[in-house]
Amino acid sequence: MNILSNELWSFNLEMAYLLAATLFFICLKLLSSPKTARLGNLLGALGMVLAVVVTFLQNKSGAMMPVSLSLVLGSVLGVYSANKVKMTAMPQMVAIFNGFGGVASVLVALAECWRFYFNQHLAPGSLFVVSSWFSIVVGAITFTGSMVAFLKLQELMSGRPILLRGQRIFTALLVLVTAVALFWLVRSPSDIEAFIWLAIIASVLGILLVLPIGGADMPVVISLLNSYSGLAAMAAGFVVKSNLLIIAGALVGASGVILTRLMCKAMNRSLMNVVFGAFGGADIVTSNDEEKPIKELMPLDAAMLLKSAGKVIVVPGYGLAVSQAQRNLREICDELKALGVHISYAIHPVAGRMPGHMNVLLAEANIPYDELFDLDQINTEFETADVAIIIGANDVVNPSARTDRNSPLFGMPILNADKARSVIVLKRGRGRGFAGIENPLFCGSNAGVVYGDAKQSLIKVSNALKEV
Ligand code: NAP
């Protein structure tokens with residue numbers, strides 16, 4: 001009877017794990033559309049709660065006190081950061097989360113290695129050694145790499161690529177030592193000191209790999225590190241024989257790789273160029289660098305152009321996120337719609353500083369999803385638009401990406417905002433975008449700039465609309 005109830009108990013636990021894994025799959029599927037993303041997020045969280053509760057019930061080691069404390073602390077920090085961290089600081093927060101994920105995998109693998117060390121009669125198999133090696137190496141690289149990414153994004157250290165003399169050779173040497181360590185550990189699997197050294201070397205490697213990457217490329221690196229944290233967790237799943245951890249880790253690993261690929265593609269750069277290209281290291285000097293005159297527009301001029309237009313395309317960019325002007329944008333668009341103006345929003349895949357940045361921002365202001373169009377859907381529409389209004393965007397509308405072979409943006413697909421009959425740009429001054437280069441669109445004969453913070457400018461244009 002007891003055996004039967006034990007078997008039923010284990011069966012139920014496995015079923016609960018299976019349900020949690022299924023919820024993770026559904027969550028990922030739903031996250032792919034803004035309409036279903038909230039539900040997806042909820043289901044993913046539900047799956048995670050289920051996984052934690054079941055693991056809790058299954059645990060018979062009696063070490064529940066520290067685990068419970070960690071859960072409470074983690075939950076408090078999670079709620080605090082969800083409320084306090086600004087949208088523009090999301091990449092930094094994700095960097096920290098990735099780092100913690102990485103270090104957790106390292107600690108799990110080291111703890112298991114420690115267990116074998118004190119139980120000499122237990123012989124760790126090759127799968128255990130290889131998984132531990134992988135979990136420690138990738139987890140430690142993720143941890144220190146993510147911390148450097150955080151420091152760069154938070155501007156606690158220079159965002160420029162840092163490449164010291166001989167750094168690449170030293171890094172290659174550490175990679176070699178790390179690879180050789182695997183063969184050593186397969187032969188001496190209970191050598192706990194070797195595992196600890198491995199963690200230290202991989203931690204140094206994480207720093208050296210991320211230092212030469214410019215702060216501007218950090219979002220891509222964070223997405224890559226996110227994938228690493230998943231792979232490290234997956235390996236930790238093999239170490240502790242947890243199917244759920246293997247599945248969840250593999251999902252994070254795969255989605256991180258897909259996202260990284262999409263971001264590189266949208267910037268028309270290879271991953272190798274992002275990781276080893278030291279983008280943003282040199283001061284880019286192009287023939288466009290001498291300052292060309294830019295026509296200034298007053299809010300009243302902008303209001304008149306908008307009011308007389310039949311078709312307006314809005315191009316949001318990083319500056320919109322900085323000024324948090326999404327609600328003001330919605331208000332002005334509502335006013336224009338009431339006047340019979342057709343409004344649509346052009347969303348570039350890498351506008352802002354993280355994937356989906358503009359979608360999230362506009363969703364915050366309840367801008368209808370069906371007014372948002374991807375680059376491929378809307379690019380031909382600019383030619384028939386009366387006005388393109390660019391709000392805090394720069395690189396994603398830089399026409400030199402189409403024409404100037406010397407431009408670092410050359411080849412990147414851009415929104416053809418310059419092809420609209422009139423172009424209104426809202427920006428604070430002559431500040432450059434993420435790529436650090438001039439944008440000839442701003443000097444075009446059909447373009448004019450309303451200078452000032454995007455939020456303030458939108459308020460002024462909105463007031464002017466009521467006057468004209
Ligand atoms: P951007 O090229 O960085 O340009 C932002 C512009 O906003 C600047 O020219 C700045 O000019 C203006 N601005 C800043 N604060 C403002 C404020 N408060 N009010 C008004 N304007 C303000 O932005 P983007 O066009 O969105 O392009 C994104 C760039 O990030 C691309 O180069 C992309 O490759 C890169 N990137 C994106 C991702 C991603 O996942 N989204 C990832 C990696 C890299 P002023 O200083 O003159 O105001």
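Atoms within each ligand, like the ligands themselves, are counted from 1 in listed order.
- The closest side-chain heavy-atom distance from Arg432 to Ile437 is not below 4.5 Å.
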Give the intermediate values and the outcome of side-chain contact (heavy atoms from CB on, under 4.5 Å) for residues Ile247 and Phe25.
CA-CA 10 Å; Ile247 294 173; Phe25 281 114; 4.1 Å; yes

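- The shortest N or O to N or O distance between Leu409 and ligand 1 is not under 3.5 Å.
- Of the candidates Thr36, Leu31, Leu28, Leu30, Leu30 is the only one forming a side chain to side chain contact (heavy atoms under 4.5 Å, CB included) with Leu43.
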Check the pair Arg327 / Asn366 against side-chain hydrogen bond (donor to acceptor under 3.5 Å, both in side chains), numbers first and verdict last.
CA-CA 8 Å; Arg327 289 188 183 82; Asn366 289 324; over 6 Å; no

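- Among Arg353, His357, Met354, the residue whose heavy atom sits closest to atom 30 (O) of ligand 1 is Arg353.
- Checked by distance only, ligand 1 and Val220 stay at 3.5 Å or farther apart across all their nitrogen or oxygen atoms.
- Interface of Asp453 with ligand 1, defined as ligand atoms under 4.0 Å from a residue heavy atom, comprises 17 (C), 18 (N), 19 (N).
- Polar contact with ligand 1: absent for Val322 (N/O pair, distance under 3.5 Å).
- In terms of polar-atom proximity, defined here as any N/O pair under 3.5 Å, Ala393 makes no such contact with ligand 1.
- Annotation: Met412 places no N or O atom under 3.5 Å from an N or O atom of ligand 1; distance criterion only.
- Interface of Gly317 with ligand 1, defined as ligand atoms under 4.0 Å from a residue heavy atom, comprises 26 (O).
- The pair Glu381-Lys311 counts as a salt bridge, with a side-chain nitrogen and a carboxylate oxygen less than 4.0 angstrom apart.
- Distances between N or O atoms of Ala351 and those of ligand 1 include at least one value under 3.5 Å.
- Judged by distance alone, the side chains of Glu331 and Ser462 never bring a donor and an acceptor atom under 3.5 Å apart.
- Closest to atom 16 (C) of ligand 1 by heavy atom, among Gln324, Lys427, Arg428, is Arg428.
- Those atoms of ligand 1 that come under 4.0 Å of a heavy atom in Val396, given as number and element, are 25 (O), 27 (O).
- Considering backbone and side-chain atoms together, Phe434 places an N or O closer than 3.5 Å to an N or O of ligand 1.
- No salt bridge links Asp453 with Lys460; every basic N to acidic carboxylate O contact stays at or beyond 4.0 Å.
- Under 4.0 Å from ligand 1, the heavy atoms of Arg432 that appear belong solely to its backbone.
- Residues meeting the salt bridge (charged side-chain N to carboxylate O under 4.0 Å, His left out) test with Asp301, sequence neighbours left out: none.
- Between the side chains of Thr55 and Tyr17, at least one donor N or O lies within less than 3.5 Å of an accepting N or O.
- Ligand 1 has no nitrogen or oxygen under 3.5 angstrom from a nitrogen or oxygen of Met263.
- Inspection of the Thr142 and Ser229 side chains reveals no N or O donor paired with an N or O acceptor under 3.5 Å.
- With Ile222, Asn394, Val350 as candidates, the residue nearest to atom 33 (C) of ligand 1 on a non-hydrogen basis is Val350.
- Inclusion of Pro349 in the set of residues having an N or O under 3.5 Å from an N or O of ligand 1 is not warranted.
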